[in-house]
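Everything quoted here is computed from the prediction, not taken from an experiment. Residue numbering restarts at 1 for every chain, and letters A, B, ... go by the order of the sequence lines.
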Protein chains: 2
Amino acid sequence: MGESRNPTVTLRMIADELGIHPSTVSRVLNASGSDPSKWAAAETVQRIRNLATERGYHPNVYAANLRTARSNLVGVIVPRLQDYVLATVYEGIEEAAIEHGLSTFVTNSLDRADNRRARTSMMIERRVGGLIFGDAHLEDSFLEEIAAQDIPFVLVSRYTGAHISVTGDDYLGGRLVGEHLLSIGRRNVAILAGLPFASTARDRTRGVTDVFKEAGIGISADRIVHGPFDAAGGRAAANAVLRSGRYPDAIFATNDFAAIGALGSLRDHGLSVPEHVALVGYNDTPLAAEMLVPLTTVRSPMHVMGRRALELLADIMAGQSVVSEHLKPELIVRASSRIA
Amino acid sequence: MGESRNPTVTLRMIADELGIHPSTVSRVLNASGSDPSKWAAAETVQRIRNLATERGYHPNVYAANLRTARSNLVGVIVPRLQDYVLATVYEGIEEAAIEHGLSTFVTNSLDRADNRRARTSMMIERRVGGLIFGDAHLEDSFLEEIAAQDIPFVLVSRYTGAHISVTGDDYLGGRLVGEHLLSIGRRNVAILAGLPFASTARDRTRGVTDVFKEAGIGISADRIVHGPFDAAGGRAAANAVLRSGRYPDAIFATNDFAAIGALGSLRDHGLSVPEHVALVGYNDTPLAAEMLVPLTTVRSPMHVMGRRALELLADIMAGQSVVSEHLKPELIVRASSRIA
DNA sequence: TGGACTTACGCAATCGATTGTGTAATGTTG
DNA sequence: CAACATTACACAATCGATTGCGTAAGTCCA
């Protein structure tokens, strides 16, 4: 109907038109749901609601926030939205946020300390009611500072310290990979470990190394190379591994994109997958299955992770206490890691 | 220093502490840059600035907006951040926004009409100063409605109507692909065209069909299949093409991810690239070069596109008039389209 | 029938920053 | 030296929604 006619419909405008006081209108409109209406006569309530929707009234977020200092805004900080994994997590967050009547505000930190700080304070200036960090760093005190300001937050994808988090069980995922590689007879594995300050990278790596250690096989430190979780990072890390000339018989990339980068490197070194080298990724992104040699990987519930993170945050914002969650991963075996 | 001690430092607090009036403090702090200080004595200016930074003062965004009804918020609506292309465009937008002192607010529309409407009005409620749409639809009146509310906006990646936009020159990109395919002797091409309501899809497709037409070769309608710009969409579209059994000697996917999906389909049909079928993608995402058979594709300046879109929007918001931009694409030939 | 409630609202202060309109004090000019 | 212009601020209204407190009118029970 006559929706966006008037650029700004205020509470006073509809109150005046109805000949009643703005405060009454406010109470009626806000009491929606819970208590029907002890604030106005049933007939008045109807007239208010009707006119509000007819005029397309929406409360001025700024005025409301100024008065109440409450906000239904949630800030989300991720390393990088370009990363499919975090983009998917964010979609889960956004989806759940909408269901909870919250709005989200994302930004990239690129895992850089200055960005994290600047973006976080920008969000606090925007009076977010809570924060979700997807870029937690191990051994870093930044989050302690945030916690000290008692603004609710949860971590997603990566964890650190004792902060509430929703993550995949990356250690288990790593173990699944390790067991799989042993089962197909690979003993000389190299790990493209990802960023050293990310719990995901550390745990996935540890999962593999622990399994191998339990089988009496050590993985030397020079077989574990760190680098970004993307194609370029995977290629560089694989190059570093292959440069030595002592080729591994398996490469575990802690991320599918890094695995694809490694694929490029293997190809350039004349090594084929899985004959010479078994290749395993992580996350089961949609590309994994489409490769010429489909990629073995670990499926992680990225979307759900985002949803749960928002839900936990909403609970915390509502004053409830919650506990961290670790979601189970699943090994998906494909052609890139057949028996040698 | 003593940064986040006091949860809320207001203008009045620092004014009181200095024994002057809040209005003076406001003027001094806001006059930063342009006019040095005709609002207070040089010494007072210094005292104000010092105390402000010492106390970690930041204006309450809500109070300021309530008063001025101006906002340095920019709303960005994209089809889907999970799409690397749009995520990259968004990174360009965000980067430029920060340089301009603007904040951005992204959301996914998933190309659905109801979402576009709901998210847009949510942004308008948040009093955004301008909008950037990455999900423009051809033959759709939605943007006319927005234009009627005279809120500044620009389109990015896709265009429609006469609205200001920053896009790649997709028609040219399509022509480059067409000419390349002809030059390597492929005449029986199938096109995985992408979403029919996207200008990117339409123009890239037209570029190829026009070149072929000029060479006297028609591309029949059943060789042009529409679908989402992702791996699953590419796979499905390729399946549709190959189902007939009349195999093409080239497939042009209007998006790299769709090309990778097509790769999976070709593999399953026992067709190899480039021997049986030449494969060409679009966007030159980082994965293209890493494929076992590196992917020929068209490089488009996604990041710059985002930057320019924000810059044009900032100009419009500043009252200047601007014109649309079409950025030049570049063909990147790789192994997936060698001479047959 | 009078006091105690209840119903249905109205009043006015408040959140914090911004800005048009003063005004006292100082400086300048003819 | 008087008239006038600056300088350096202060006052107070304003943006729109929220909310503690107040109150007139009506209902109920003893």
Side-chain angles (χ1 to χ4, degrees), chain A residues 6-49 51-52 55-73 124-127 129, chain B residues 6-32 34-49 51-52 55-73 101 124-127 129:
Chain A
N6 215 318
T8 38
V9 190
T10 73
L11 210 47
R12 175 180 269 89
M13 289 169 64
I14 80 161
D16 285 353
E17 187 157 356
L18 255 37
I20 59 183
H21 198 270
S23 65
T24 304
V25 178
S26 171
R27 290 186 236 254
V28 168
L29 258 23
N30 285 1
S32 66
S34 52
D35 32 3
S37 30
K38 54 180 180 181
W39 293 113
E43 186 232 4
T44 312
V45 170
Q46 265 314 310
R47 286 171 54 216
I48 292 176
R49 289 192 175 150
L51 190 61
R55 288 278 177 282
Y57 170 75
H58 289 291
N60 181 322
V61 188
Y62 292 84
N65 181 281
L66 178 57
R67 178 65 227 269
T68 63
R70 279 185 260 110
S71 108
N72 60 344
L73 240 197
I124 292 175
E125 278 172 50
R126 288 248 162 228
R127 263 61 176 182
Chain B
N6 212 317
T8 37
V9 191
T10 72
L11 210 46
R12 173 179 271 89
M13 288 170 65
I14 79 160
D16 285 352
E17 187 156 356
L18 255 35
I20 59 183
H21 199 270
S23 64
T24 304
V25 179
S26 171
R27 289 186 237 254
V28 167
L29 258 25
N30 285 0
S32 68
S34 51
D35 31 4
S37 30
K38 54 179 182 181
W39 294 112
E43 187 231 6
T44 311
V45 169
Q46 265 313 308
R47 287 172 53 217
I48 292 176
R49 289 194 175 147
L51 190 62
R55 290 276 178 281
Y57 170 76
H58 288 292
N60 181 321
V61 188
Y62 293 84
N65 181 282
L66 177 57
R67 178 64 229 266
T68 65
R70 278 185 260 111
S71 109
N72 60 344
L73 241 197
I124 292 175
E125 277 172 49
R126 289 250 161 226
R127 267 50 178 188

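If you take CD1 of Ile20(B) and C1' of dC9(D), they are 9 Å apart, rounded to a whole angstrom. Put simply, CD on Glu43(A) is 18 Å from P on dT7(C), counting in whole angstrom units. Taking atom CH2 of residue Trp39(A) and atom P of nucleotide dC21(D), one finds them 12 Å apart after rounding to whole Å. In this structure, CG of Asp16(A) is placed 15 Å from C1' of dC9(C), rounded to the nearest angstrom.
An end-to-end axis angle of 40° holds for the helix from dT1(C)-dA30(D) to dG30(C)-dC1(D), taken from five base pairs per end and rounded to 10°.
Atom CZ of Arg126(A) sits about 8.5 Å away from atom CG of Leu73(A), to the nearest 0.5 Å. Annotation: the span from Thr10(B) atom OG1 to Asn60(B) atom CG amounts to 9.5 Å, rounded to 0.5 Å. The line from OG1 of Thr68(A) to OH of Tyr62(B) is 9.5 Å long, rounded to the nearest 0.5 Å.
When all heavy atoms are compared, the tightest approach of Ser71(A) to Gly129(A) is OG-N, 3.4 Å.
Contact check for Glu17(B) versus Arg55(B): side-chain heavy atoms found under the 4.5 Å cut-off. By the 4.5 Å heavy-atom criterion applied to side chains, Ile14(A) and Leu29(A) are counted as neighbours. In this structure the side chain of Val25(B) reaches within 4.5 angstrom of the side chain of Ile20(B), judged on heavy atoms. No side-chain heavy atom of Val45(B) sits less than 4.5 Å from a side-chain heavy atom of Trp39(B). When side chains are defined from C-beta on, Arg127(B) does not count as touching Leu66(B), because their heavy atoms never get closer than 4.5 Å. Side-chain contact between Arg47(B) and Glu43(B): present, with at least one pair of heavy atoms (C-beta onward) separated by less than 4.5 Å.
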Protein-nucleotides 23-25 of chain C N/O pairs closer than 3.5 Å?
none

### Summary
In B/S/- notation (B base, S sugar-phosphate only, - none; protein heavy atoms under 4.0 Å), nucleotides 14-20 of chain C written 5' to 3' is BBBBBBB

